[in-house]
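Everything below concerns the one structure shown next.
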Amino acid sequence: VVSTQSTAGKYILSPMVRVGGLPFRLTCLHYGADLVYAEEIIAQRLLKCTKVTNSTLGTVDFLDEDGGVCFRTVAEESDRVIFQMGASDPDVAAQCAKMIEPYVAGIDVNMGCPKDYSIKGNMGAALLTQPELIKSILNKLIAVCTKPVTCKIRILDSEKETLSLCKLIEKTGVAALAVHGRTRYTRSSHPCNYEIIKKIKSELSIPVILNGASLEIKNKGDMTRIMKETGVDSIMVARAAWYNPSIFRDPEPVAVREAVQKFMRYCIDYCCPLHILKYTMGKFRGAFKANESSLEVTRHIETRLIYEYFGLGDYYKEVNDKRKDNQQEEFQKNKRQKLDKDYKILEEVLTPSILQTFRGAIAPRQILNQWLEANGFCKPKYWTTEYNKVFTGFLQIDNDTYAIEGNFKNKKTAIQAVSYAYCMKNHIELRHYKTSTRTQCNCHMNS
């Protein structure tokens, strides 16, 4: 039996599609949220992902087949983030949960989303009229998970149906039940049905989390009041947090612009995609200058311009410059390890001025080619690799391959550099060699 302590007495961020990514979750945690639900991820989608450790960002990423980020998390939130899945198959749900469980605080099943993509996939609110399938999914998850399992529902058309469903869910052994006080057909502008949630709480012994009260919430005190009036154990908010992610701050939220700047710092830190940044900004009320709207700001195509608008242009540049330096350092480290393993490294110290001395004269590559031919070697092979506009030169002579590292800005310079270094290593004078009768070469070059 899973303990219910982790889901009682909490102020919680509700799952929100496209909004509930890592930067927004961390912002809400910063301002006092106890738990944060990630946006719903379809179970089948996660199972197709590959988990990678992102050393640049310090995150754990689940990447889809195209390399896009399906779910990103960080150690800072690992004991406070709830993963919400969309699922219609118990076995698929269980596989998804076991894959993600080590990186989150709990697993939630979405049983209330009224969107077409959920309904057509037999997920979300489509489950509300399928109690046996609900029971199968939850029983399977509870059997395989060591972390708390919860689910989030909407109320049904009648009190009797709603209470019957809630009691069935309770019997599965879930750690808590989140209830949105509207039906799948009720718009968010309509009031939340507190009376049915009171009734649910009075008849269940597990923690009940109220959702759907954002219209009445202006600060944390409002959340506390609603919990007391309805008797629920915890409260979950979506739109109130979207309007101002510091809504969890006690006693009052900070100015929206200040909260947005905090959110944007996290966006910079964790590479928030531009389309997610723009979408999330759409509900930040009071974040913009007089006579300006989010549309007027987000029309900027460049990410940098949006950050500059909020006074974070320098921070954006600083973080990205440092990130590029770290990536270059990591790349050079990995490259050196591979070069040491696969190639003979030429350690000759080269400066641009050394190579410039050969301008207008016979270049090191030509001299080396003539020397190799005069001494019976097979024709050498040259090539380069490039990273971040810096080139590494390679030279293959018979069955040996050589490489040289340096800050070479083009292919030609990198090839001349490796030729020069080989000449220095083998005490070949950098002068013109006349080709003598070539000795027959029977060596086999590597491809």
Side-chain angles (χ1 to χ4, degrees), residues 12-29 33 35-46 48-49 57 59 61-74 77 81-87 96 100 104 108-121 123-125 152 154 178 180 184 187-188 211-212 214 236-247 256 259-260 262-285 287-288 293-295 297-301 303 306-307 310:
I12 305 169
L13 172 68
S14 179
M16 287 186 283
V17 174
R18 292 194 297 276
V19 177
L22 180 59
F24 195 82
R25 299 197 304 267
L26 291 178
T27 305
C28 291
L29 288 172
L35 295 172
V36 288
Y37 278 57
E39 64 176 314
E40 177 196 21
I41 303 292
I42 306 304
Q44 291 95 328
R45 182 185 176 199
L46 189 82
K48 295 177 182 179
C49 290
L57 302 182
T59 59
D61 296 345
F62 288 82
L63 305 180
D64 61 26
E65 295 169 309
D66 297 323
V69 177
C70 177
F71 179 72
R72 170 171 285 165
T73 187
V74 69
E77 68 165 2
V81 62
I82 307 298
F83 179 85
Q84 187 185 67
M85 71 170 74
C96 175
I100 200 71
V104 297
D108 183 81
V109 183
N110 183 344
M111 299 182 179
C113 179
K115 300 294 185 182
D116 284 346
Y117 73 87
S118 281
I119 301 299
K120 290 177 181 178
M123 301 176 294
K152 183 174 180 290
R154 284 177 175 250
H180 188 137
R184 59 178 284 189
R187 298 181 65 85
S188 60
N211 179 226
S214 283
M236 173 186 285
V237 296
R239 290 176 183 270
W242 194 357
Y243 298 150
N244 186 339
S246 70
I247 195 72
V256 178
V260 170
K262 185 65 180 177
F263 162 71
M264 288 193 164
R265 280 182 172 266
Y266 283 126
C267 287
I268 293 169
D269 291 340
Y270 296 107
C271 290
C272 179
L274 181 58
H275 71 283
I276 296 296
L277 174 61
K278 289 184 175 183
Y279 182 82
T280 307
M281 287 174 63
K283 288 291 191 295
F284 287 149
R285 297 179 176 178
F288 306 97
S293 68
S294 63
L295 289 176
V297 175
T298 58
R299 74 179 187 279
H300 296 306
I301 296 176
T303 307
I306 295 177
Y307 290 126
F310 285 93

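We're numbering straight along the sequence, starting at 1.
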Residues forming a salt bridge (Lys or Arg N to Asp or Glu O under 4.0 Å) with Asp61, sequence neighbours excluded =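 With neighbours one apart ignored, the set is Arg72.
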Side-chain touch [X]/[Y], heavy atoms, less than 4.5 angstrom:
X	Y	answer
Val19	Tyr279	yes
Arg184	Ile119	yes
Leu46	Phe83	yes
Leu26	Val74	yes

For residues [X] and [Y], report the shortest heavy-atom separation together with the two atoms involved.
X	Y	value
Met236	Leu13	CG-C, 4.2 Å
Ser14	Lys152	OG-CE, 3.8 Å
Ser214	Val237	OG-CB, 4.1 Å
Thr280	Phe24	CG2-CD1, 4.0 Å
Val36	Ala33	CG1-CB, 4.2 Å
Cys49	Arg45	SG-O, 3.4 Å

For [X], all residues meeting side chain to side chain contact (heavy atoms under 4.5 Å, CB included), sequence neighbours excluded:
X	value
Lys48	Glu65
Thr73	Arg25, Val60, Phe71, Glu77, Val81, Tyr103
Asn110	Glu40, Gln84, Cys113

Could you give the distance from [atom1] ([X]) to [atom2] ([Y]), rounded to the nearest 0.5 Å?
X	Y	atom1	atom2	value
Lys120	Lys115	NZ	NZ	13.0 Å
Cys70	Glu39	SG	CD	8.0 Å
Met16	Arg239	CE	CZ	9.0 Å
Leu274	Thr303	CG	OG1	4.0 Å

Show which side-chain atoms of residues 262-270 pair as donor or acceptor with protein atoms under 3.5 Å away, not counting sequence neighbours.
{"unit_1": "Asp269", "atom_1": "OD1", "unit_2": "Tyr315", "atom_2": "OH", "d": "2.6"}
{"unit_1": "Asp269", "atom_1": "OD2", "unit_2": "Tyr315", "atom_2": "OH", "d": "3.4"}

task = Could you give me the CA-CA distance, side-chain angles and deciding distance for Ile306 and Met281, then say whether side-chain contact (heavy atoms from CB on, under 4.5 Å) is met?
result = CA-CA 10 Å; Ile306 295 177; Met281 287 174 63; 3.8 Å; yes
ask   = Counting N and O atoms only, with roles assigned by atom type, does the side chain of Arg154 sit under 3.5 Å from a partner on the main chain of Gly112, one being a donor and the other an acceptor?
value =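 Here the side-chain-to-backbone pair exists.
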inquiry  = By the salt bridge (Lys or Arg N to Asp or Glu O under 4.0 Å) test, which pairs, at least two apart or in different chains, include something from residues 12-21?
reply    =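 Not a single pair qualifies under salt bridge (Lys or Arg N to Asp or Glu O under 4.0 Å).
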